[in-house]
Each structure stands twice: as structure tokens, then as C-alpha cells.
2 protein chains.
Amino acid sequence: MTAPRAPEQRFESLVDALREAILTGRYAPGTRLVQEELAEAYGISRIPLREALRRLEGEGLVVISPNKGAVVRPLAPKDVVDLYELRLALESLALRRAAERFADLRESTRRRHAEAKRAIAARALPALFKLDRDFHADVAAASDNPHLVAALGAQWSQIMRVMHAYFQVEMYPEAVWDDHEAIVDALAHGDADTAIAVLTRHLSESRDAILAHLRSRAAAPNTS
Amino acid sequence: MTAPRAPEQRFESLVDALREAILTGRYAPGTRLVQEELAEAYGISRIPLREALRRLEGEGLVVISPNKGAVVRPLAPKDVVDLYELRLALESLALRRAAERFADLRESTRRRHAEAKRAIAARALPALFKLDRDFHADVAAASDNPHLVAALGAQWSQIMRVMHAYFQVEMYPEAVWDDHEAIVDALAHGDADTAIAVLTRHLSESRDAILAHLRSRAAAPNTS
DNA sequence: CTCCGCTAGATTGTATACAATCTTCTGACG
DNA sequence: CGTCAGAAGATTGTATACAATCTAGCGGAG
């Protein structure tokens, strides 16, 4: 997994590893990132590690305070609302552009749907999230707008952090993938409005489930 | 201008200086950024400079290739189309949220309009661009969605690069600021649809002017 | 004349070392 | 008993030094 990649992309691998650890919540929001610890963990000196942290700072995943150090960017409930609002706007644009090109993502989506069924049965949440992300990345790519893809990628990083922090298996019904299939069907017919309508409901439900969970958790902090 | 700021934010000042140089075209798209040259220019060693470049890489302003070095991210005509498309989606969302809150930006806009008149008379393009950016930053801030503000900020950095690379004074009529005033008037009345309609036309005109300029330049590469 | 391989110089990548700053603990004073 | 000054330890910031890699220019083979 921590493959000995070609030395030319050692740095990129480092950034990817750190990013993945942040997205999956292994480094949870607010966690302090001590340079020497991380450097030793990844078998490098602090110099390249610091550069990786700066890169992630630029991506909005890490906050660095002078002489204080780096922490995984914190997440508040309002972030959830703001992120889903932003994501809807970006993904709607992606759908509109993808529909104009009659993008056909039905095959890969069906394949992912089958995988998702297995993941739900196995209660494998991280695998589910990854399938979800891959699906939406396909939609983004179908827009043929690299800047939109990049912006959506950044938002998705934040969304992944929210999911790994707040989602439960029960909140992830298979119906999610029915929505995905409805979206790609509409896309293949060039029907952007339908696709966006489904997406809008899809995201509202997802967001509201998270917010409801947050409220219940705030009421009973130590449920576990 | 290169103020001796408090030592705690030396790094942030360095990033700001580099970013500003990129946005204003002093470091034009495609320019190679040689570490030792820049380090000497800013009176520091390569270590903090490299970190600054990594940060800008994360912001999408710089491209770094292993063992090759950093380059100001190149700009192609398609980038102009893609960026304006993305910007319209983001700024429409900002307008909608600002209108919901009846944000009143009329005063500051009128003030900027007056400054813009002077800048146009003086043919001071960089000053004009800055006024433009500040106006749109106000709109973004009025959305009360920090993630949207950040996303729009990143897009604006790219837009600024486009402007400084391709804009001419003749392409910047004072009518731009009439549009701005129409937008803030609509906002103050909570009329998001009107604001978005004006913005849509506003951006189309701006984009088309740039594209027309690019085409004419491609036809006659060595004018001037 | 062209193309290939090679060397010298330029440039990037990073480990080490040390300075600067912050944090925590201790102990004295009120 | 609380508070504050100070010192020790921990952590971050960066300059220097050197290794790794790339680039450009030269000379020889075909």
C-alpha cells in the first residue's frame, strides 16, 4: 500500500498519504500535526514534510499558525451547511455541462452500484464513501471543465471529512445509488433539469441526515 | 510596500508578495520560478521560499514538477471559458445568498465607482482590476458562506491573471460599474434574479471581449 | 552534416544543525 | 490558596551543506 513508487513522485505520494489520512478521519479535525512525529512515521526529514503541510494548507485541509504548528482544519456544523450549498452549485454546473455532451456514465455507475451493495452488506463505510466519491468524480470529469473538476475535488475533500466524522451506516441506504442511477439516466438523455432535481433532493437528504445526527449527538454527547 | 511586518507573519507576507506578483502578471503565466533567484530577491533562504511555492501550488497558481522546478501556471484560451463559467455559478450563488440577507453594498460600491472613474481616466489598469476584485470580494463576503468565499477567491486569482494577461483599457468601459450598481441595487431589494441576470450579461461581455482580443492577437501575433 | 553520448554547470531535493519561539512546570510571593 | 515570574523542555523556523538530477554544450562516430 505504501508502495515504493518511482522516486520522482515521492513527494506526491507523501501528500497523498497525508491527505488520505485527513479525509478518512485518521487525522481527525482539530488534530495537531507534530512535524517530527510525522517525519519519523514517513521516514523522511522535516523539510519535505513541512512542504507537504504547506501544500495541504493551500488545499484548505490544514491550518498552520506561525510558531504554533499545523492542525487538521476543524469542522463546525455550519461548515456542513455551507459545504453542501456550495457543492450543489458546483455539481449542478457539472451536470448541466455533462448533459450537453450526453455523457453516458451508466455502465460504470451500475458497476459501482453492485459494489456498493456488497459494501453496505459488509457495513464497510470507508469503501462506500470511496465509491460515492468516485461516482461524483466521474460526473465532474464529464463536465470537461478542469477548473470545475478542481473546485469540486476540493469540496469533496471537505465532504469526505464530514462523512468520516459524522456518518453512520444506517444513514447510507442503498437508495443513494438509485439516485445516482437516475442522475446518469437523465444525463444520457441530455436532461440536465431532471438530473439536477434528483441531485438537489439527494444532497438535501444527505445534509439533513448529518445535521440531525449532529443535533442528537449534541443532546447526548456520550452515546457510543 | 515590502513592509517589515511583525515577524510572526513573515511567511504570510512572502506568500502574499509572490501571489500578487503572479496575479498582476509580473510573473507571467509559464514563467519559470528559480528558487535561488527568488530567495535572494526576498532576502531569505530557499527553505521558506520552497514552502511558499508549495502553498501556491496548493492554491493552483504554480505548477511544480519534480526535479524540474516551479512554473507560473500556464493559461490557455479554454481556461478563460472554463473560468468564467465556473465564476458565474459561484457568484450566482453568492448573489442569491446576499439577496436573501438584503445585503446593502450600495455605499461602498458608489465609492469604488468614483475611484474607478479616476482610474479609467488615468488609464490605470491594475488599479481598476483591484477595484473590480474588491467589489466582487464584497459580494462574496455578503453570502456569509466562508467556503464559497474561499472558492470564489481562488477563481478570482485566476481571473486576475487572465485580465492582466489579456485586458486592454479600451475593453474596460465605465459601463462595468453601472452593472455593479445595478447588481447592488437589486441585492438591497432582495431581488436575486435581477442581480444574477445582470451578472450573467456582465460576465458574458467581459469573457467575449477577452476571447475576441485573443483571436485578433492570434491572427496578428506581433502587433506593437 | 547529423546524431549520439558524455561531461560541466546549473538547479532542485533533503538531511543536519542551530536559532527562535512557545509551553509547561516549578517555586516564590502576595 | 491563587498568581505570577522564570527556567527547562518541546516544538517550530530556517540557514548551510551536500547529494541527486537535469540541462546545455562539446566532440566524436557514422
Side-chain angles (χ1 to χ4, degrees), chain A residues 2-22 26-74, chain B residues 2-22 26-74:
Chain A
T2 48
R5 293 198 194 170
E8 303 95 38
Q9 44 186 15
R10 267 195 342 189
F11 179 82
E12 216 52 38
S13 303
L14 169 64
V15 173
D16 287 347
L18 288 171
R19 190 192 295 109
E20 198 64 15
I22 292 172
R26 195 152 64 79
Y27 302 154
T31 304
R32 233 188 112 196
L33 300 170
V34 179
Q35 295 171 12
E36 198 138 17
E37 285 178 11
L38 290 178
E40 190 178 10
Y42 291 95
I44 53 177
S45 83
R46 283 169 49 218
I47 301 292
L49 178 86
R50 285 176 58 90
E51 290 187 17
L53 291 176
R54 288 298 184 189
R55 166 84 167 268
L56 295 172
E57 184 187 31
E59 294 180 13
L61 292 172
V62 156
V63 178
I64 301 180
S65 313
N67 295 320
K68 296 283 219 62
V71 299
V72 179
R73 188 168 173 190
Chain B
T2 48
R5 294 197 193 171
E8 302 95 38
Q9 44 186 15
R10 267 193 345 188
F11 179 82
E12 216 53 38
S13 302
L14 169 64
V15 173
D16 288 346
L18 287 170
R19 189 192 296 110
E20 197 65 14
I22 292 172
R26 195 153 64 79
Y27 302 153
T31 303
R32 234 188 110 198
L33 300 171
V34 179
Q35 296 171 11
E36 198 137 19
E37 285 177 12
L38 291 178
E40 191 178 9
Y42 290 95
I44 53 177
S45 85
R46 283 169 48 219
I47 301 292
L49 179 86
R50 284 175 60 89
E51 291 186 17
L53 291 177
R54 289 297 185 190
R55 165 86 168 267
L56 294 172
E57 184 187 30
E59 294 180 14
L61 292 172
V62 156
V63 178
I64 302 180
S65 313
N67 294 320
K68 297 284 219 62
V71 170
V72 178
R73 187 167 175 191

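Keep in mind that the numbers below use all heavy atoms, side chains included, and drop hydrogens, waters and symmetry copies. Labels below follow one simple rule: chain letters A, B, ... track the order of the sequence lines, proteins then strands, and each chain is numbered from 1. Since the structure is predicted, the reported quantities are computational estimates derived from the model, not experimental observations.
Under the rule for a side-chain contact (heavy atoms from CB on, under 4.5 Å), the partners of A:L33 that lie at least two apart in sequence or sit in another chain are A:Y27, A:L38, A:L53, A:V62, A:A70, A:V72. In this structure A:R46 satisfies the side-chain hydrogen bond (donor to acceptor under 3.5 Å, both in side chains) test together with A:Q35, sequence neighbours excluded. The side-chain contact (heavy atoms from CB on, under 4.5 Å) check on A:V71 picks up A:R32, A:V63, with sequence neighbours excluded.
Across its full length, the helix from C:dC1-D:dG30 to C:dG30-D:dC1 shows an angle of 20° between the axes of its 5 terminal pairs at either end, rounded to 10 degrees.
You'll find the side chain of A:L18 stays beyond 4.5 Å of the side chain of A:L61, heavy atoms only.
For residues 51-62 of chain B, the salt bridge (Lys or Arg N to Asp or Glu O under 4.0 Å) pairs, not counting sequence neighbours, are A:R50-B:E51, A:E51-B:R54, A:R54-B:E51, A:R55-B:E57, A:E57-B:R55, B:E12-B:R55, B:R19-B:E59, B:R54-B:E57, B:R55-B:E59.
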For nucleotides 10-18 of chain D, 5' to 3', base contacts (B), sugar-phosphate-only contacts (S) and non-contacts (-) with protein non-hydrogen atoms under 4.0 Å give -SBBBBBB-

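Taken from CD1 in B:I22 to CG in B:L56, the straight-line distance is 5.0 Å, to the nearest 0.5 Å. Considering CZ of B:R10 and CD1 of B:I44, their distance stands at 8.0 Å, rounded to 0.5 Å.
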